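Model, not experiment: these values are computed from the prediction.
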Amino acid sequence: MTVTILIPTLDEEKALPGLIARMAVLAPRPAQILLVDGGSADETVVLARAAGWDVLLSEGGRARQINAGVAAARGEIVCVLHADTLPPADMVAVIERTLANRRIALASFTPLIRGPQRMRWGTTLHNWAKTWYAPLLTRPHLFVRGVRLLFGDHAMFFRRADFLAVGGCTPGDAVMEEADLCVKFAALGRVKIVPRFVETSDRRIAAWGVLKANWIYFKVGMLWAFGLRHRMARHYPDIR
């Protein structure tokens, strides 16, 4: 199976150099690295093209960017990777090995949240726990079938054909589009979190503080759970 790494971006010139360096050492290599940009005003697109990545310019909004990227992807499998998340060097092998099991419809890595100086163990643990308690509280009928909720920093991956079959991301969603996908993919099989780590930036925690960040994560999740989608984005401001 061939793999496309899909990177939705908006003004990510600060994060991209680290990701470009990590992508350069992936072994085996993905079939495609595709950056889908939602209207950056900085050097994001220039950096991606200089790295030799494919670049697709899209209407803004992560859900729309992911939909456009999957439609254009050459790989049979697509992994959605955020610009501030660094995967392991054997990322492609882990993806291929996991989805060789046809009972798994959607999967992800396990994120570790860290900054330049330290690991954010408390938020990392809450992030892990949230993948369990969120579906248990809000979608218990899916939880008992093994569904866990994935979020952007999980580096989720799936078969391209399955994504298209379930209708992709809900257009217009700027937050929690991954959780919606978990619900959709549950009709096709298991949602699995692989015990392999990706490192994701603590930039929101650094900007908001630990307590405020975890409160925002919880609040946005509950808004999604209770169908108040129109309120989510206003409670989750961009941090770059």
Side-chain angles (χ1 to χ4, degrees), residues 4-23 30 32-73 75 78-87 91 108-109 111 113-116 123 127 150-158 163 168-181 198-208 212-213 216-217 219-221 223-224 229-240:
T4 289
I5 308 298
L6 193 165
I7 305 167
T9 56
L10 179 65
D11 295 330
E12 290 286 9
E13 68 176 6
K14 293 180 182 177
L16 271 186
L19 182 58
I20 289 169
R22 183 61 58 92
M23 291 287 102
Q32 180 186 30
I33 302 174
L34 174 61
L35 183 137
V36 184
D37 191 73
S40 292
D42 62 7
E43 297 296 301
T44 294
V45 170
V46 173
L47 289 170
R49 287 177 171 153
W53 297 358
D54 292 344
V55 172
L56 175 66
L57 304 182
S58 165
E59 185 178 0
R62 275 209 312 257
R64 294 189 184 94
Q65 288 170 248
I66 293 170
N67 286 347
V70 174
V78 177
C79 176
V80 180
L81 181 67
H82 285 194
D84 66 338
T85 299
L86 301 178
M91 177 188 206
S108 81
F109 292 83
I113 302 174
R114 69 179 308 159
T123 305
N127 200 12
L150 308 180
F151 305 97
D153 51 12
H154 279 72
M156 63 182 183
F157 50 94
F158 45 80
F163 180 95
C169 295
T170 304
D173 279 0
V175 182
M176 297 291 289
E177 70 281 354
E178 300 90 356
D180 268 3
L181 279 180
V198 293
E199 296 180 4
T200 192
S201 169
D202 73 341
R203 60 189 181 184
R204 288 187 173 83
I205 302 167
W208 296 334
K212 182 178 179 181
I216 289 173
Y217 297 150
K219 179 168 57 176
V220 169
L223 289 172
W224 172 84
R229 313 172 67 92
H230 59 288
R231 297 187 184 180
M232 293 189 298
R234 81 176 73 155
H235 292 284
Y236 199 72
D238 280 337
I239 300 292
R240 295 289 187 269

- Would you please name every residue forming a side chain to side chain donor-acceptor pair (under 3.5 Å) with T85, sequence neighbours left out? T200

- Between L19 and P87, the two heavy atoms sitting closest are CD1-CD, 4.1 Å

- Task: Determine whether M91 and C79 make a side-chain contact, defined as any pair of heavy atoms from C-beta on separated by less than 4.5 Å.
- Result: yes

- With sequence neighbours left out, write down each residue that passes side chain to side chain contact (heavy atoms under 4.5 Å, CB included) with A73, or none if nothing qualifies. T4, Q32, V78, R160

- Note on the structure: With sequence neighbours left out, the residues meeting ring-ring contact (aromatic ring centres under 6.0 Å, His included) with F158 are F163, F185

- Please confirm whether the backbone N or O of V36 pairs with a side-chain atom of Q65, one donor and one acceptor, at under 3.5 Å? yes

- Message: Any heavy-atom pair between the side chains of M23 and L81 that's under 4.5 Å?
- Response: yes

- Item | Heavy-atom closest contact (A83 atom, T9 atom, distance) | CB-CG2, 4.2 Å

- Test salt bridge (Lys or Arg N to Asp or Glu O under 4.0 Å) applied to R22 - qualifying residues, sequence neighbours left out: none

- Message: Taking the side chain as everything from C-beta on, heavy atoms only, tell me whether L57 gets closer than 4.5 Å to V45.
- Response: yes

- Results of salt bridge (Lys or Arg N to Asp or Glu O under 4.0 Å) for E13 - residues two or more places apart only: none

- salt bridge (Lys or Arg N to Asp or Glu O under 4.0 Å) against E43, all qualifying residues, sequence neighbours excluded: none

- If you round to the nearest 0.5 Å, how far is CE of M156 from CG of L6? 9.0 Å

- Message: Between W53 and I20, does the side chain to side chain contact (heavy atoms under 4.5 Å, CB included) criterion hold? Intermediate values first, please.
- Response: CA-CA 9 Å; W53 297 358; I20 289 169; 3.6 Å; yes

- Note on the structure: A68 meets the side chain to side chain contact (heavy atoms under 4.5 Å, CB included) criterion, sequence neighbours left out, with L56, S58

- Item | Which atom of L181 lies closest to which atom of C169, heavy atoms considered | CD1-SG, 3.7 Å

- Search all heavy atoms of A63 against all heavy atoms of T170 and return the closest pair with its distance. CB-O, 3.2 Å

- Nearest 0.5 Å, what's the CG-CD distance between L86 and E199? 6.0 Å

- Message: Quick one, R62 and H82 - any side-chain contact, counting heavy atoms below 4.5 Å?
- Response: yes

- D153 meets the side chain to side chain donor-acceptor pair (under 3.5 Å) criterion, sequence neighbours left out, with N127

- Query: So do T44 and L16 actually touch side chain to side chain, heavy atoms under 4.5 Å?
  - Reply: yes

- Side chains of I33 and D54 in contact at under 4.5 Å (non-hydrogen atoms): no

- Between R49 and V55, what is the shortest heavy-atom contact and its length? CG-CG2, 3.5 Å

- For D37, the salt bridge (Lys or Arg N to Asp or Glu O under 4.0 Å) test, sequence neighbours excluded, returns none

- Note on the structure: When every non-hydrogen atom of V198 is compared with those of A155, the smallest separation belongs to CG1-CB, 4.3 Å

